[in-house]
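Only a predicted model underlies this, so the values are computations on that prediction, with no experimental measurement involved. All ligand and atom numbering here is 1-based and tracks the order in the structure. Along the sequence shown, the residues carry numbers beginning at 1.
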Amino acid sequence: MENKIVAKESATLTFQNKQIELPVYGGSVGPDVIDIRKLYAQTGAFTYDPGFTSTASCESHLTYIDGDEGVLLYRGYPIDQLAEQSSFIEVCHLLLYGELPNQAQLTKFTRDITYHTMLHAQFDRFFEGFRRDAHPMAVMTGAVGALSAFYHDSLNIDDPRQREISSHRLVAKMPTIAARAFKYTLGQPFVTPRNELDYPSNFLRMCFAVPAEDYVVNPVMAKAMDVFMILHADHEQNASTSTVRLAGSSGANPFACIASGIACLWGPSHGGANEAALAMLREIGSVDNIPDFVRRVKDPNSDVRLMGFGHRVYKNYDPRAKVMQKLCHAVLQEVGHTDDPMLKVAMELEKIALNDDYFVQRKLYPNIDFYSGITLSAMGFPTSMFTVLFALARTVGWIAQWSEMIADPSQKIGRPRQVYTGPTQRNYVPLSARG
Ligand code: CMC
């Protein structure tokens, strides 16, 4: 990766009567960064930033977010333009190779992905080790990690061609694995990928087809799946992406790194929020119960949160949420659920929250998860699959970020420090002498 950051000025830090000059770099857009790499050597002090709220952990060319303005760009292209005019497979090319493909590149890339969708036959037997009632995210974490036990010929991270093949394998096989995780919990036979279908249609077929009858892909659902995947494809240095980069910084293989990202994504503050948001809407149940629920959210003694609201970076409407809201209406229209009680609760809740001082002052706006649960549910997915679908879509972002990191000459093993507040050194006390 060609580094693009340029020193533009320096910042002066005065610490213990010593003055230190710290270089300041600018990116192509966004806040400047103060380079503190030599701080410890020069001062003997660390910086302290739990949750990395003020820390840029890497240089990246992939995704840009302006949280105050509600802007999200993949390689410079606004998310709403990509969602409306592009396809997920084009977006995968954009994220992995830096540019939207021309026709010849798109044909080749589509073929490369399509011809990697099958799994090793032995891999199918691997699923049988899980309990049928396992959460599909548990299955995903284990199964994706297990890819490194099946594809030894693309594990050399120092070989760019092997890295590329691993990227293709991950993007291609993730829908097959996700669909198998779903089928396994249902107790239905696995469905083999079909090369004549496009990426979202193939995935829907692998999830919903059964041997007893033909399955015809609904184009509205295929489009919805495609847009859902575009919206979730990458999101800068979020928790799971940072996890992938941190795992990769030690030289771990890409399949192991993506498995670590999946594990991180599972949490309810991150990818698990779409599941939590739908559970919340169901718990509220009807518009009449909203005021009481909002009172509980605002109560300082309660830990109830309005799931699908708020974001570490967006202090404005999440641009993905606007597209997701439109998608939600289109899917509900298609399945004839325009009167869906969850949608009514969501829309009313959104209206109330956007006008309530508590949420306005804290700049809490709907995020992508607010409408995605209702949408996915109407498409036929159970809540336990929601985070799996997020993981499927985010895989391309994770692997593009991982590839970028491996090619970056300034990359080092990630190794944060700490402020230690535990006991200072003390002598071992024999058991007989302990009170
Ligand atoms: N409902 C009610 N209050 C909230 C919420 C919420 N959803 N989110 C933040 N707050 C309050 C919080 O209580 C705090 O108030 P106070 O200053 O009075 O203590 C203030 O807003 C700041 O909150 P924070 O926890 O310091 O903010 P954060 O940047 O650490 O948290 C977040 C970001 C996404 C974890 C949080 O907003 C949240 O828990 N939201 C609900 C879960 C959710 O929807 N997550 C999906 C995120 S988008 C998808 C993804 O990236 O994975």
Peer 1: Aromatic contact between Phe190 and Phe127, with the criterion being ring centroids under 6.0 Å apart: yes or no?
Peer 2: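 Ring centres of Phe127 and Phe190 closer than 6.0 Å.
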Peer 1: Relative to the heavy atoms of Gly310, which atoms of ligand 1 are at a distance of less than 4.0 Å?
Peer 2: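 Result: 34 (C), 37 (O).
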Peer 1: For atom 51 (O) of ligand 1, which of His311, Gln361, Lys315 has the closest heavy atom?
Peer 2: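 Minimum heavy-atom distance to atom 51 (O) of ligand 1 goes to His311.
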Peer 1: Distance to 0.1 Å, residue and atom name: give those for the protein heavy atom nearest to atom 2 (C) of ligand 1.
Peer 2: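 Ranked first by proximity to atom 2 (C) of ligand 1 is Val297 CG1, 3.5 Å.
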Peer 1: So, taking the atom named NZ in Lys315 and the one named CZ in Arg362, what distance separates them when rounded to the nearest 0.5 Å?
Peer 2: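 It comes to 11.5 Å.
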Peer 1: Rounded to the nearest 0.5 Å, how far does OG of Ser57 lie from CD of Glu236?
Peer 2: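 Going from CD on Glu236 over to OG on Ser57, the span is 8.5 Å.
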Peer 1: So, for Phe109 and His168, is the gap between ring centers shorter than 6.0 Å?
Peer 2: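 Under 6.0 Å, so yes.
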Peer 1: How far is atom 43 (C) of ligand 1 from its nearest protein heavy atom, and which residue and atom name does that atom have?
Peer 2: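 Its nearest protein heavy-atom neighbour is Ala273 CB, 3.5 Å.
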Peer 1: Starting from atom 42 (C) of ligand 1, find the nearest protein heavy-atom neighbour and note its residue, name and distance.
Peer 2: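 Residue, atom and distance for the closest contact: Met307 CE, 3.4 Å.
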Peer 1: Considering only the protein, which heavy-atom contact is closest to atom 24 (P) of ligand 1, and what is its distance?
Peer 2: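 Going by distance alone, atom 24 (P) of ligand 1 is nearest to Arg305 NH2, 4.1 Å.
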Peer 1: So is His235 polar-close to ligand 1, meaning N/O to N/O under 3.5 Å?
Peer 2: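 No, His235 has no N/O under 3.5 Å of an N/O on ligand 1.
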Peer 1: Return yes when at least one protein heavy atom is under 4.0 Å from atom 27 (O) of ligand 1, and no when none is.
Peer 2: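 Not a single protein heavy atom is under 4.0 Å away.
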Peer 1: Verify, without hydrogens or angle tests, whether Ser302 (side chain) and Lys298 (backbone) share a donor-acceptor contact under 3.5 angstrom.
Peer 2: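 No; judged by distance alone, with no hydrogens or angles, the pair does not exist.
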Peer 1: Going from NE2 on His120 to OH on Tyr151, what distance comes out if it is rounded to the nearest 0.5 angstrom?
Peer 2: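 It is 6.5 Å, given to the nearest 0.5 Å.
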Peer 1: Pick from Lys322, Gln325, Arg320: which one makes a side-chain contact (heavy atoms from CB on, under 4.5 Å) with Tyr371?
Peer 2: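 Output: one option passes, namely Gln325.
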Peer 1: Drop me the distance from Gln105's CD to His93's NE2, to the nearest 0.5 angstrom.
Peer 2: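 One gets 4.5 Å once the value is rounded to the nearest 0.5 Å.
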Peer 1: Yes or no: does Asp369 have any heavy atom under 4.0 Å from an atom of ligand 1?
Peer 2: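 Yes; Asp369 lies near enough to ligand 1 that a heavy-atom distance drops under 4.0 Å.
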Peer 1: Heavy-atom pairs closer than 4.0 Å: do any link ligand 1 to the side chain of Tyr358, the backbone, both, or neither?
Peer 2: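 Only the side chain of Tyr358 comes within reach of ligand 1.
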Peer 1: Could you tell me if the ring centre of Tyr314 sits under 6.0 Å from that of Phe309?
Peer 2: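 Not close enough - the centres of the two rings lie 6.0 Å or further apart.
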Peer 1: Quick check on contacts: which atoms of ligand 1 are under 4.0 angstrom from a heavy atom of Gly271?
Peer 2: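 Result: 52 (O).
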Peer 1: Counting both backbone and side chain atoms, is some N or O of Leu306 under 3.5 Å from an N or O of ligand 1?
Peer 2: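 By distance alone, the answer is yes.
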Peer 1: Where is the nearest protein heavy atom to atom 29 (O) of ligand 1: which residue, which atom, and how far?
Peer 2: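 The closest heavy atom on the protein side is Arg312 NE, 2.9 Å.
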Peer 1: Any nitrogen or oxygen of Gly308 lying under 3.5 Å from a nitrogen or oxygen in ligand 1? Just yes or no.
Peer 2: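 Between Gly308 and ligand 1 (N or O atoms, distance only) the closest approach is under 3.5 Å.
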Peer 1: Which residue owns the protein heavy atom closest to atom 4 (C) of ligand 1, what's the atom, and how far is it?
Peer 2: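 For atom 4 (C) of ligand 1, the nearest protein heavy atom comes out as Leu364 CD1, 3.5 Å.
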Peer 1: What protein heavy atom lies closest to atom 18 (O) of ligand 1? Include the residue and the distance to one decimal.
Peer 2: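 Here the closest protein heavy atom is Arg362 NH2, 2.9 Å.
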Peer 1: Name the closest protein heavy atom to atom 50 (C) of ligand 1, giving the residue it belongs to and the distance to 0.1 Å.
Peer 2: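 In this structure, atom 50 (C) of ligand 1 has His270 ND1, 3.5 Å as its nearest protein heavy atom.
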Peer 1: Phe381 vs Phe208 aromatic rings, parallel, tilted or perpendicular, using cut-offs 30° and 60°?
Peer 2: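 Tilted, since the angle between the ring planes falls between 30° and 60°.
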Peer 1: To the nearest 0.5 Å, what is the distance between CZ on Phe386 and OG on Ser377?
Peer 2: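 Answer for the CZ-OG pair, Phe386 versus Ser377, is 5.0 Å.
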Peer 1: Determine whether the aromatic ring centres of residues Phe126 and Phe123 are separated by less than 6.0 angstrom.
Peer 2: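 Yes.
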Peer 1: Specify whether the nearest protein heavy atom to atom 21 (O) of ligand 1 is under 4.0 angstrom away.
Peer 2: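 Yes, at least one protein heavy atom sits under 4.0 Å from atom 21 (O) of ligand 1.
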Peer 1: Check whether any protein heavy atom sits under 4.0 Å from atom 12 (C) of ligand 1.
Peer 2: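 Yes.
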